[in-house]
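In what follows, chains are A, B, ... by sequence order, proteins preceding strands, each numbered from 1.
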2 protein chains.
Amino acid sequence: MPTARERVRAELTAEIAGAARRQLAEVGAAALSLRAVAREVGMASSAVYRYFPSRDDLLTRLIIDGYDALGEVAEAADDPAAPLEQRWSAVCTAVRAWARAHPHEYALLYGSPVPGYAAPRDTVRAASRVGVVLGGILGEAARAGLLHGDGGREPGLLGDAAVEVLGQDAPGIDDAVRVRALLAWSSLFGTISFELFGHLVGSVEDADAYFARVVAELGALVGLDAT
Amino acid sequence: MPTARERVRAELTAEIAGAARRQLAEVGAAALSLRAVAREVGMASSAVYRYFPSRDDLLTRLIIDGYDALGEVAEAADDPAAPLEQRWSAVCTAVRAWARAHPHEYALLYGSPVPGYAAPRDTVRAASRVGVVLGGILGEAARAGLLHGDGGREPGLLGDAAVEVLGQDAPGIDDAVRVRALLAWSSLFGTISFELFGHLVGSVEDADAYFARVVAELGALVGLDAT
DNA sequence: CGTTTGACGAGAGCGGTGCTCTCGTTCCGG
DNA sequence: CCGGAACGAGAGCACCGCTCTCGTCAAACG
């Protein structure tokens with residue numbers, strides 16, 4: 001049961017974060033100014049420090065919110081009743097659409113990390129949501145017997161997170177499959193980053209069609225094409 | 001024939017850029033201060049503006065130098081006499097090693113773009129060097145008859161740059177091969193970025209072994225494994 | 001050879017930033 | 001009811017990018 005004071009504090013904190021998110025969308029993380037945020041909400045700049053100890057903490061909040069927003073988009077785009085390949089494609093496309101709609105926010109999440117590597121716990125939980133959705137699809141494919149590795153196991157290669165997202169008990173899953181899943185995940189965001197950051201200018205004309213091909217190629221890489 | 005004045009000017013420009021590069025390696029692009037660079041070279045901050053019109057121009061210079069350094073590393077790592085798969089692996093490994101040795105510089109090149117998308121001409125020429133090396137390997141593979149697409153051609157999908165790096169006249173090259181080449185390129189840097197930016201923490205334990213597997217997987221994706 | 005012109009370096013200054021400190025006010029809980 | 005904590009505002013510090021002005025010095029020109 002939050003007191004009235006805690007309620008209004010939470011509201012003001014959210015209002016500051018909202019103004020900061022608007023600033024972020026306009027000018028990007030590098031140019032985001034705590035003073036400008038304070039002006040937008042009508043406070044003295046020093047008052048903002050009652051709610052966020054520093055500019056980096058404000059950015060960390062925006063990072064967490066961004067991961068959550070992207071994760072929600074990914075979860076909403078996943079229709080468990082649809083065929084696996086279609087689910088994979090839908091989630092990838094939704095992630096790309098969100099990135100194109102929020103380029104500065106995406107750059108904050110997947111571009112150069114600006115604080116000295118952000119706060120661990122809250123950040124990683126929110127950040128993992130997209131990976132959980134994609135991993136869930138691949139895990140279901142494994143349970144359907146679609147995925148095949150070479151049966152090899154290399155202790156010390158991967159971490160717990162990579163093992164758990166696919167489901168430990170699924171048949172046909174080994175380290176080769178897990179590596180391909182991680183690679184597909186990295187490649188999805190690598191492709192989106194290259195598109196957004198301008199590295200594909202001159203090489204790709206029809207970005208939509210190219211991305212569709214990439215998604216299909218990644219699906220085939222992990223083994224989703226063997227329907 | 002440069003006059004003496006032009007010579008000393010070029011030297012001072014290079015000295016400023018060198019100090020800036022040192023600053024960049026230490027504190028990163030976001031915290032790079034033109035005034036600190038000026039202090040390091042023993043000049044007034046206003047004097048630096050005689051050589052670089054703005055901080056963004058200084059960063060652009062660092063970007064171009066960085067692309068050139070990385071391109072040189074990639075070219076030096078490519079031994080044309082080696083087997084194709086080994087050449088591919090050697091270049092990828094060299095690129096990753098450079099990135100790990102110069103994380104802030106790498107982040108400046110492949111992280112969030114900081115100026116309003118940098119100057120076009122000089123930047124893209126320097127930036128393309130790594131792609132040219134990788135594309136050259138794949139083009140040679142195509143001329144050796146290793147690469148096979150589906151024969152399809154989708155006009156308006158790709159740009160001239162994607163067509164030229166692989167060599168237009170090589171047999172067996174179609175848009176499917178070119179898409180896979182672009183994907184492998186994006187995936188290489190996506191993997192390196194994920195590693196450097198901390199997105200693989202918890203999922204990958206042995207980063208070296210994981211990267212070796214990824215490189216092999218990407219080589220197989222484009223068709224280099226069919227030796 | 002003398003003069004002039006232009007490049008150069010230094011300094012002051014402007015508006016902006018992140019952040020700290022102090023000082024009234026206001027409101028909640030014992 | 002009253003004391004302490006939370007709060008907002010303002011001043012101030014050090015730093016930033018960038019501009020402007022003003023001596024100086026060297027190269028180029030008559």
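Between B:Asp57 atom CG and D:dC18 atom C1' there is a gap of 13 Å when expressed in whole angstrom units. B:Leu12 places its CG atom 15 Å from the P atom of D:dA26, with the value rounded to the nearest Å. Computed from coordinates, the A:Met43 CE to C:dT25 C1' distance equals 16 Å when rounded to whole Å. Rounded to an integer number of Å, the gap from A:Phe52 CZ to D:dA6 P is 18 Å. Following rounding to the nearest Å, A:Arg9 (CZ) and D:dA6 (P) show an atom-to-atom distance of 9 Å.
Salt-bridge check for A:Arg180 with A:Asp175: failed, with every basic side-chain N at 4.0 Å or more from each acidic carboxylate O.
Looking at heavy-atom distances under 4.0 Å, A:Leu58 makes no contact with the nucleic acid at all. Residue-level contact check: A:Tyr51 touches the backbone only, with heavy atoms under 4.0 Å from sugar-phosphate atoms and none from bases.
Taking every heavy atom of both residues into account, B:Ser203 and A:Ala161 meet most closely at OG-CB, 3.7 Å.
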Expected list for residues 16-31 of chain B: side-chain donor-acceptor pairs under 3.5 angstrom, two or more places apart:
residue, atom, partner, partner atom, Å
B:Arg21, NH1, B:Asp65, OD2, 2.9
B:Arg22, NH1, B:Glu40, OE2, 2.2

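Ring geometry for A:Tyr106 against A:Phe189 counts as parallel: the plane angle stays under 30°, on a 0 to 90° scale with 60° as the upper cut. Ring pair A:Phe194/B:Trp185 is perpendicular by interplanar angle, where above 60° counts as perpendicular and below 30° as parallel.
For A:Arg39, the side-chain contact (heavy atoms from CB on, under 4.5 Å) criterion is met by A:Arg35, A:Ala36, not counting sequence neighbours.
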So which protein nitrogen or oxygen atoms get under 3.5 Å of nucleotides 17-21 of chain C's nitrogens or oxygens?
residue, atom, partner, partner atom, Å
C:dT17, OP1, A:Ser33, OG, 3.0
C:dT17, OP1, A:Arg39, NH2, 3.4
C:dT17, OP2, A:Arg39, NH1, 3.4
C:dG18, OP1, A:Leu34, N, 2.7
C:dG18, OP2, A:Leu34, N, 3.2
C:dG18, OP2, A:Arg35, N, 3.1
C:dG18, N7, A:Arg35, NH1, 2.3
C:dG18, O6, A:Arg35, NH1, 3.0
C:dC19, OP2, A:Tyr49, OH, 3.2
C:dC19, OP2, A:Arg55, N, 2.7
C:dC19, N4, A:Arg35, NH1, 3.4

